[in-house]
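First up is the structure itself, then whatever we jot down about it.
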Protein chains: 2
Amino acid sequence: MAKAVRKRGDSAGDARGSLLASAAKLFASRGYATTTVREIVERAGVTKPVLYYYFRSKEGIYLELMGEPFRKFESLLRETASEEGTAKERLVQMCLRVYETFLEHLDLARVMYAIYYGPPQGAPHIDFEAYHRSLQEAVRGVLEEGMRLREFRRADPADMMWAVMGTVTVAMELELCNPSRSVGKGGIERMLDLLFEGIAFREGIPKGKGTKG
Amino acid sequence: MAKAVRKRGDSAGDARGSLLASAAKLFASRGYATTTVREIVERAGVTKPVLYYYFRSKEGIYLELMGEPFRKFESLLRETASEEGTAKERLVQMCLRVYETFLEHLDLARVMYAIYYGPPQGAPHIDFEAYHRSLQEAVRGVLEEGMRLREFRRADPADMMWAVMGTVTVAMELELCNPSRSVGKGGIERMLDLLFEGIAFREGIPKGKGTKG
DNA sequence: GTCTATATTGAGATAGAC
DNA sequence: GTCTATCTCAATATAGAC
């Protein structure tokens, strides 16, 4: 155990990255509250002052950790909203990218779930709700556009939005708790297809999708 | 605060019930690990030995607490599986009853979510996964029957199952974290309707459901 | 500076009177 | 069945030797 041994090959900025990775893993597996600074630095192979140099505090490294995926998430929504393609195509893209971002940050997703659904654990407050809501708004926006373009049939946009969210939610939570049974991106596409066959407008069928059943 | 005052009107078996209610609220709001026996008994207006008399331990009251909704959940699945009605009707019933059971035990659902998605918190192990899976199997069973009866169109039953689960999941999680925006039972029915319009078989339409779009 | 031994605390759990 | 008073134990904090 002792001093934990950073090899000479490690580049300079690596300590920072090691600390982030270490904190992510520990927050994910043991929770924010129960993870100690000592554990984080030990696992990263550095000493306490290094953590405080880069991040000021345990809260600091937590906020830094959560910051990145959320920034990525926001830019993802902006991009997808202003893209080419049918409403359906954009919606599928949006769902798949959200899911991809989720996969790229599984550990952080775990931390987020634990704090969102569990007791606060003394972690500094992050407005997860706001991010979740901006995803909802983005999805709903595309759905409403699809309705205007008569690509989708008319229904309560909120209901449609939640049905779409349901497919992504299920895929994500399966990945979190039961990765071996994960449906993956393919699964999301197939679920959305099932849903679209009900959402798709059925009178003047716009593109080329007949009743293929 | 002091002694916490049990009024004379309280009937005999009430201490037990108060303890259960108290533990449910506290486990839900503060988590299993951080909730102390002292807090539980104080809130219930009794003393420690009363808790140990009825439940043997902190783990005991936790298991007792979780036991009831899960027993109810299992009988619910059995009942619904062996009922009258079309596959769609039974599926909707099943979803609505799961959701109702969830609503009746919101606090416990919160505890369950915290432990399922978060760190174990030292709580005794409960195989939530098994219950979740039996729900999945029940839903899938009805779906497959619906396919055999040509009430639903053919598709991967697992995909359909997850799509259905998604609607319930979304409704439940909304209720947990954002009850003011809850979609409620009506929302589940509407989401399922959206989904069915895609799942419903479209060639020899069995019952009386034409393309009403 | 670091390590080990010793307090202190606060948790879960119990004994025995009533 | 419920109380007061107490026990056990583990985690943390601290003191003092090295």
Side-chain angles (χ1 to χ4, degrees), chain A residues 1-6 15 19 22-23 25-55 57-62 114-115 118-124, chain B residues 1-68 107-108 110-112 114-115 118-126:
Chain A
M1 305 310 123
K3 255 322 166 28
V5 203
R6 312 204 62 234
L19 281 166
S22 165
K25 279 263 180 276
L26 287 166
F27 289 157
S29 60
R30 318 207 329 102
Y32 178 83
T34 37
T35 298
T36 69
V37 169
R38 197 184 114 278
E39 289 173 311
I40 298 173
V41 298
E42 238 168 41
R43 183 177 177 129
V46 302
T47 56
K48 272 195 201 180
V50 181
L51 185 148
Y52 286 99
Y53 170 76
Y54 283 114
F55 305 107
S57 67
K58 184 180 172 186
E59 295 201 349
I61 196 170
Y62 169 81
I115 286 178
Q121 299 195 48
Chain B
M1 294 302 122
K3 256 326 168 25
V5 201
R6 312 204 63 234
K7 299 196 204 69
R8 244 166 244 282
D10 294 353
S11 64
D14 220 33
R16 190 174 187 283
S18 302
L19 281 167
L20 285 171
S22 164
K25 279 263 179 274
L26 286 167
F27 288 157
S29 60
R30 318 205 331 100
Y32 177 83
T34 38
T35 298
T36 71
V37 170
R38 198 184 110 280
E39 290 173 311
I40 298 174
V41 299
E42 238 168 43
R43 181 177 180 131
V46 302
T47 56
K48 274 193 200 183
V50 181
L51 185 150
Y52 286 97
Y53 172 77
Y54 283 112
F55 304 107
R56 293 176 40 97
S57 68
K58 183 183 175 185
E59 295 200 349
I61 196 171
Y62 169 82
L63 291 172
E64 187 63 27
L65 212 45
M66 300 309 245
E68 196 226 322
D107 282 332
L108 300 181
R110 226 177 280 280
V111 178
M112 200 198 73
I115 285 177
Q121 300 194 48
H125 178 260
I126 294 181

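Quick note on labels: first sequence line is chain A, next is B, and so on, each numbered from 1. Just so you know, these numbers come straight off a predicted model, no measurement behind them.
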(request) Starting from P on dT2(D), measure out to CD on Glu42(B) and report it in whole angstrom. (result) 17 Å
(message) In this structure, how many angstroms lie between the P atom of dT2(D) and the CZ atom of Phe55(B), rounded?
(response) 11 Å
(message) Test of understanding: with salt bridge (charged side-chain N to carboxylate O under 4.0 Å, His left out), list the residues that count as partners of Glu68(B), not counting sequence neighbours.
(response) none
Between the protein and nucleotides 12-16 of chain C, list the N/O to N/O atom pairs that are separated by less than 3.5 angstrom.
residue : atom : partner  : partner atom : Å
dG12(C) : OP1  : Val37(B) : N            : 3.3
dG12(C) : OP1  : Lys58(B) : NZ           : 3.2
dG12(C) : OP2  : Val37(B) : N            : 2.8
dG12(C) : N7   : Lys48(B) : NZ           : 3.1
dA13(C) : OP2  : Tyr52(B) : OH           : 3.0
dA13(C) : OP2  : Lys58(B) : N            : 2.9
dA13(C) : N6   : Lys48(B) : NZ           : 3.0

(message) The criterion is salt bridge (charged side-chain N to carboxylate O under 4.0 Å, His left out); which residues satisfy it with Glu64(B), sequence neighbours excluded?
(response) Arg16(B)
(request) Please identify each residue that fulfils side chain to side chain donor-acceptor pair (under 3.5 Å) with Arg38(A), with sequence neighbours left out. (result) none
(message) Once salt bridge (charged side-chain N to carboxylate O under 4.0 Å, His left out) is applied, do any residues pair with Glu39(A), and if so which ones, sequence neighbours excluded?
(response) Arg30(A)
(request) Could you list the residues that satisfy side chain to side chain donor-acceptor pair (under 3.5 Å) with Lys25(B), not counting sequence neighbours? (result) Asp107(B)
